[in-house]
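First comes the structure, then the notes that go with it.
Source: prediction; values computed, not measured. In the text below, chain A, chain B and the rest are named by the order of the sequence lines, each starting its count at 1.
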Protein chains: 2
Amino acid sequence: MKRKVDRRILRTRRLLNEALLALLVERDYENITIQDITEQADLNRATFYLHYSSKEELLVAALEEQFDELVASIEDLATGQPIWEDQTPELMTFRHVAEHAPLYKALLSERGTGYIIHRIIGYIAAYGEARLQEELPANIELSFPATLLSMHAAGSLFALVSWWVTNDMPYSPEYMAEVVLRMCNEGTRALIVGSETAVS
Amino acid sequence: MKRKVDRRILRTRRLLNEALLALLVERDYENITIQDITEQADLNRATFYLHYSSKEELLVAALEEQFDELVASIEDLATGQPIWEDQTPELMTFRHVAEHAPLYKALLSERGTGYIIHRIIGYIAAYGEARLQEELPANIELSFPATLLSMHAAGSLFALVSWWVTNDMPYSPEYMAEVVLRMCNEGTRALIVGSETAVS
DNA sequence: CTGATTTAACAACATTGTGTTGATTAAGCG
DNA sequence: CGCTTAATCAACACAATGTTGTTAAATCAG
């Protein structure tokens, strides 16, 4: 049943994997060619195509390995003894990203894969932040930086719009807008200091 | 001050713009070459380089035009008479996306520019949804689909992590995790039907 | 351990896209 | 009208792609 995987295959995939991650740190993803990867890994370029059909496929494989490592450490938390009680998955995530900062920075920053996505989310966030500063009266202040709040809302809106249009718009625009508004507004309310409920 | 732009320049840019958007609907962004674009626009390939230095630059220009159209319609709302009171920017956004569905679907779907981003957000959302179903007792139900809630949280987490690592981690992981948790949890609480506060 | 079989790795190939050049044509501007 | 400059065209060297058939190495049966 469980056929032994050829040692060469494992070795080659690992080499390609490491080569891509190494190159990602020092160069934009878009500017990394398959030639570069195989050259870095000291493999023939044709060998690449025996394992992956595109750069994207390799990147996904490499990333999933990274994520699985993160998820595994989170799962360990669930089963094992919690060292500190405040070790939430969210905190683990930020710690994990900090640990592999060069990689994630290369991957998520301006000139990486998500160039356009970044622009879109940034565009939404900038608009939201401007609107926030207009609408917030002077006597109300936020307990968190407005930028974080804007990024939160922009990310949520982007993800939901993206999911919605990709899945052929299974709900009406009105319904989706209501969901976004309620989720973001309730979250926002928690961060406002000095609102009328606080003046008890 | 305001020098008149040569009519030929405007014409060429508009043609390139339209050509790219037209091609985006029927082909993946990655598989569209500059040759294709100029061919579709009936322009010489060298002409492209007189205006843009890369495909990405053209795409950004084309998208910003789209967005500006959306923002303009929102701004109209703010100054003009509101036809219906419930026309929020969020609703306008979903309507705008629905109107240009083929373009946005091509742009945001699996095989578009944001292939990797999509995978990452999807990965986070799937994990979150699984965790949600585990932790939610049977007697508590959501007033919205769990998938929407997961996408909301995943989008928020992604945007914040992305912003954080891109800006060289200006806050501690602990602080960031607290922000994410509070914003998302408060939003989530609003969507839960049957929690103890509701059983008054 | 050994030979037969499988298949990964390789070198070489034709093809396609890129980015730039310099000379020519033609459209817009005052 | 004449000046300016955008667009065209042909040609270029270069880089990356994806696919050949061949060679070498790992696996497995006996």
Side-chain angles (χ1 to χ4, degrees), chain A residues 1-62 65 106-107 111-113 115-116, chain B residues 1-62 65 106 110-113 115-116:
Chain A
M1 193 105 179
K2 251 192 182 177
R3 277 276 187 104
K4 229 182 188 176
V5 185
D6 197 312
R7 203 181 299 164
R8 289 170 295 179
I9 294 181
L10 293 175
R11 186 181 65 98
T12 300
R13 295 212 172 133
R14 181 176 51 77
L15 286 173
L16 289 174
N17 221 303
E18 291 169 0
L20 176 57
L21 294 188
L23 288 175
L24 261 179
V25 176
E26 59 185 30
R27 208 177 314 178
D28 300 339
Y29 174 75
E30 312 282 351
N31 296 335
I32 297 175
T33 68
I34 295 179
Q35 274 198 52
D36 294 333
I37 299 171
T38 54
E39 202 168 318
Q40 167 92 14
D42 282 315
L43 289 172
N44 190 282
R45 196 165 50 80
T47 305
F48 177 93
Y49 293 101
L50 295 176
H51 301 274
Y52 307 100
S53 62
S54 67
K55 249 194 329 178
E56 283 70 31
E57 210 172 306
L58 171 60
L59 180 57
V60 167
E65 209 162 297
L107 208 64
R111 292 203 164 274
T113 314
Y115 181 49
I116 301 302
Chain B
M1 195 103 179
K2 250 191 183 177
R3 278 277 189 100
K4 232 182 188 177
V5 184
D6 196 311
R7 202 180 300 165
R8 287 170 294 181
I9 295 182
L10 294 174
R11 186 181 69 98
T12 300
R13 294 209 173 137
R14 181 175 51 77
L15 286 174
L16 289 174
N17 220 306
E18 291 169 358
L20 176 58
L21 295 189
L23 288 174
L24 261 179
V25 177
E26 60 185 31
R27 208 178 314 178
D28 299 340
Y29 173 75
E30 313 282 349
N31 296 334
I32 297 175
T33 69
I34 295 178
Q35 276 198 47
D36 294 334
I37 299 172
T38 52
E39 202 168 317
Q40 167 92 16
D42 282 315
L43 290 171
N44 191 282
R45 193 166 55 86
T47 305
F48 177 92
Y49 294 102
L50 295 177
H51 299 274
Y52 307 99
S53 62
S54 67
K55 248 192 331 177
E56 283 71 32
E57 210 172 305
L58 172 60
L59 180 58
V60 167
E65 206 162 298
E110 285 286 320
R111 293 202 164 274
T113 313
Y115 180 50
I116 301 302

In this structure, how many angstroms lie between the [atom2] atom of [N] and the [atom1] atom of [X], rounded?
{"X": "A/Phe48", "N": "D/dG18", "atom1": "CZ", "atom2": "C1'", "value": "11 Å"}
{"X": "A/Asp36", "N": "D/dC14", "atom1": "CG", "atom2": "P", "value": "18 Å"}
{"X": "B/Leu58", "N": "C/dT18", "atom1": "CG", "atom2": "C1'", "value": "16 Å"}
{"X": "B/Gln35", "N": "D/dC9", "atom1": "CD", "atom2": "C1'", "value": "14 Å"}
{"X": "A/Leu23", "N": "D/dA16", "atom1": "CG", "atom2": "P", "value": "12 Å"}
{"X": "B/Glu30", "N": "C/dT16", "atom1": "CD", "atom2": "C1'", "value": "17 Å"}
{"X": "A/Glu56", "N": "D/dT17", "atom1": "CD", "atom2": "P", "value": "11 Å"}
{"X": "A/Leu10", "N": "C/dA8", "atom1": "CG", "atom2": "P", "value": "11 Å"}

Nearest heavy-atom neighbours spanning A/Leu58 and A/Leu16: CD2-O, 4.0 Å
Nearest heavy-atom neighbours spanning B/Ser54 and B/Phe48: O-CZ, 3.6 Å
DNA chain D-proximal residues of residues 12-21 of chain B, any heavy atom under 4.0 Å: B/Thr12
Heavy-atom check, side chain of [X] versus side chain of [Y], under 4.5 Å:
{"X": "A/Thr47", "Y": "A/Thr38", "value": "no"}
{"X": "B/Tyr49", "Y": "B/Ile34", "value": "yes"}
{"X": "A/Leu24", "Y": "A/Leu59", "value": "yes"}

Side-chain N or O of A/His51 closer than 4.0 Å to phosphate OP1/OP2 of C/dA8: no
Distance below 4.0 Å between B/Thr47 side-chain N/O and D/dT8 OP1 or OP2: yes
Main-chain N/O of A/Glu30 paired to A/Asp28 side chain as donor or acceptor, under 3.5 Å: no
Residue met sooner reading DNA chain C from 5', once A/Leu43 and B/Tyr49 are mapped to nucleotides: A/Leu43
B/Ile32 vs A/Leu50, nearer the 5' end of DNA chain C by closest nucleotide: A/Leu50
Heavy-atom protein contacts under 4.0 Å, nucleotides 24-30 of chain C, coded B base, S sugar-phosphate only, - none: --BBSS-
Dump the pairs, protein N or O against N or O of nucleotides 11-15 of chain C, anything under 3.5 Å, distances to one decimal.
residue	atom	partner	partner atom	Å
C/dA11	OP2	A/Asn44	ND2	3.3
C/dA11	N7	A/Asn44	ND2	3.3

Test of understanding: with side chain to side chain contact (heavy atoms under 4.5 Å, CB included), list the residues that count as partners of [X], not counting sequence neighbours.
{"X": "A/Arg11", "result": "A/Arg14, A/Leu15"}
{"X": "A/Glu65", "result": "A/Asn17"}
{"X": "B/Ile9", "result": "B/Val5, B/Asp6, B/Arg13, B/His51"}
{"X": "A/Val25", "result": "A/Pro102"}

Qualifying salt bridge (charged side-chain N to carboxylate O under 4.0 Å, His left out) pairs, either residue in residues 34-43 of chain B, two or more places apart: B/Arg27-B/Asp36
Pair listing, salt bridge (charged side-chain N to carboxylate O under 4.0 Å, His left out) test, anchored in residues 49-58 of chain B, at least two apart: none
